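Remember, predicted model here, so these are calculated numbers, not experimental data.
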Amino acid sequence: MLVASCSTSAESPSPVTPPPKTQAPPEDKNWAFETAPVWADEFDYTGQPDPAKWGYDLGGNGWGNNELQYYTDNPANASVADGKLAITARIEQMGSEQFTSARLVSKDKGDFLYGRFEIRAKLPTGRGTWPAIWMLPTDAAYGGWPRSGEIDIMEHVGYDQNRVHVTVHTDAYNHTKGTQRGKSKLVETASTEFHRYRVDWTPYAIRGYIDDELMFDFVNNGSGYSAWPFDKKFHLLLNIAVGGNWGGAQGVDPGVFPQTMEIDYVRVYDMIQK
């Protein structure tokens, strides 16, 4: 069973929300996307991730999933060199946790409503690793997780090597109810070569691709925000979790660390309005 990426109530305040309004499903207008990114990081510099584009989630305490890492903003856990971002999970005592890692967030620096999101990445390997490329709502207008939604562009757990997942979570469709919507695909070189992980998000659907092959299609059925909270701005997250309810379901092998997710670029393309 798929489990939500590293979600935490700290990310999602819980405002009072109105009851869902049912409406007719939107028309599929076959939206296209701009050919030049509206927001991107090519990682063509050296040092820490660009502070104009990325902030950090910091700390431990399980992140809502009984995870074992402490997230830092240290260069040992997130740094840029040779045209790549490296996010590295390490065995390192910090606070009450035995591992350190990094979770980069574009919140308040890159927030988007609809668009094409493409990330070229090479994934870590090893039992206990749980890398993710994903999106959360910036303002949580419909309430705390999962009511305001989550979009998982890529998830991988090291005990199930090379199986890559694309998933969405909403109030109606999430793993706590056994109703989450997602698909997975074997990518035989997920940890030895770079692959393109992409989501096309329009008012009609969220569609997930790996190397431009469509593998996931989640359509707005018009039943309101319980099923489709994806009419508000979301931001990007990049991280490696260690252990946790899903990533650690078969334990953690300390002998595999350090482990790194390398990212060649992150590109966001505007949807062309119709």
Looking at side-chain heavy atoms only, is the closest gap between [X] and [Y] below 4.5 Å?
X      : Y      : value
Glu150 : Trp134 : yes
Trp31  : Tyr114 : no
Ile153 : Ile119 : yes
Gln98  : Gln93  : yes
Glu42  : Arg267 : yes
Asp108 : Thr138 : yes
Tyr197 : His156 : no
Met271 : Asp200 : no

Check whether any side-chain N or O of [X] sits under 3.5 Å from a backbone N or O of [Y] as a donor-acceptor pair, and report yes or no.
X      : Y      : answer
Ser148 : Asp139 : no
Trp39  : Lys109 : yes
Asp264 : Ala121 : no
Lys274 : Asn30  : yes
Glu188 : Ala190 : no
Lys53  : Ala40  : yes
Asn65  : Glu67  : no
Asn174 : Thr176 : yes
Thr260 : Ala86  : no
Arg127 : Gln250 : yes

Ring center gap for Trp228 and Trp201 short of 6.0 angstrom:
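Ring centres of Trp201 and Trp228 not closer than 6.0 Å.
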Using the ring centroid of each side chain, check whether His175 and Trp145 are separated by less than 6.0 Å.
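Yes, ring centres under 6.0 Å apart.
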Atom [atom1] in [X], atom [atom2] in [Y]: separation rounded to 0.5 Å?
X      : Y      : atom1 : atom2 : result
Ile240 : Arg90  : CD1   : CZ    : 10.0 Å
Arg116 : Glu34  : CZ    : CD    : 11.0 Å
Arg196 : Ile210 : CZ    : CD1   : 11.0 Å
Asp270 : Leu113 : CG    : CG    : 10.0 Å
Gln69  : Ile91  : CD    : CD1   : 13.5 Å
Lys185 : Met154 : NZ    : CE    : 14.5 Å

Check this for me: [X], atom [atom1], are more than 12 non-hydrogen atoms of other residues, nucleotides or ligands nearer than 6.0 Å?
X      : atom1 : value
Asp212 : CG    : yes
Asp28  : CG    : yes
Lys233 : NZ    : no

Path from [X] to [Y] over hydrophobic side-chain contacts below 4.5 Å:
X      : Y      : value
Met215 : Val187 : yes
Trp63  : Phe99  : no
Tyr265 : Trp54  : no
Val242 : Leu123 : no
Phe194 : Leu236 : no

Among Leu85, Ile133, Thr88, exactly one meets side chain to side chain contact (heavy atoms under 4.5 Å, CB included) together with Met261. Which residue is that?
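Filter result, single survivor: Ile133.
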Between Val256 and Thr125, is the side chain to side chain contact (heavy atoms under 4.5 Å, CB included) condition met? List the steps.
CA-CA 8 Å; Val256 305; Thr125 187; over 6 Å; no
Could you check Glu118 against Phe33 for side chain to side chain contact (heavy atoms under 4.5 Å, CB included), going step by step and ending with a plain yes or no?
CA-CA 12 Å; Glu118 182 175 285; Phe33 301 89; over 6 Å; no
Donor + acceptor pair across side chains of [X], [Y] (<3.5 Å):
X      : Y      : value
Glu92  : Tyr70  : no
His235 : Ser106 : no
His169 : Asp152 : yes
Tyr142 : Asp231 : yes
Trp246 : Tyr159 : yes

Can you give me the closest heavy-atom contact between [X] and [Y], atom names plus distance?
X      : Y      : answer
Ser191 : Pro124 : OG-O, 3.0 Å
Val166 : Gly208 : CG1-CA, 4.0 Å
Val157 : Trp130 : CG1-CD1, 4.0 Å
Gln48  : Ala78  : CG-O, 4.4 Å
Pro26  : Tyr204 : O-CD1, 3.3 Å
Arg103 : Tyr71  : N-CD2, 3.5 Å

Aromatic Phe218 / basic Arg181 pairing, under 6.0 angstrom, 45° off normal:
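Checked: cation-pi criterion not met.
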Given Phe43 and Lys84, is the side chain to side chain contact (heavy atoms under 4.5 Å, CB included) satisfied, shown in steps?
CA-CA 5 Å; Phe43 304 112; Lys84 308 287 190 299; 5.7 Å; no
Test log, rule side chain to side chain contact (heavy atoms under 4.5 Å, CB included), inputs Phe230 and Thr170
CA-CA 9 Å; Phe230 305 114; Thr170 74; 3.6 Å; yes
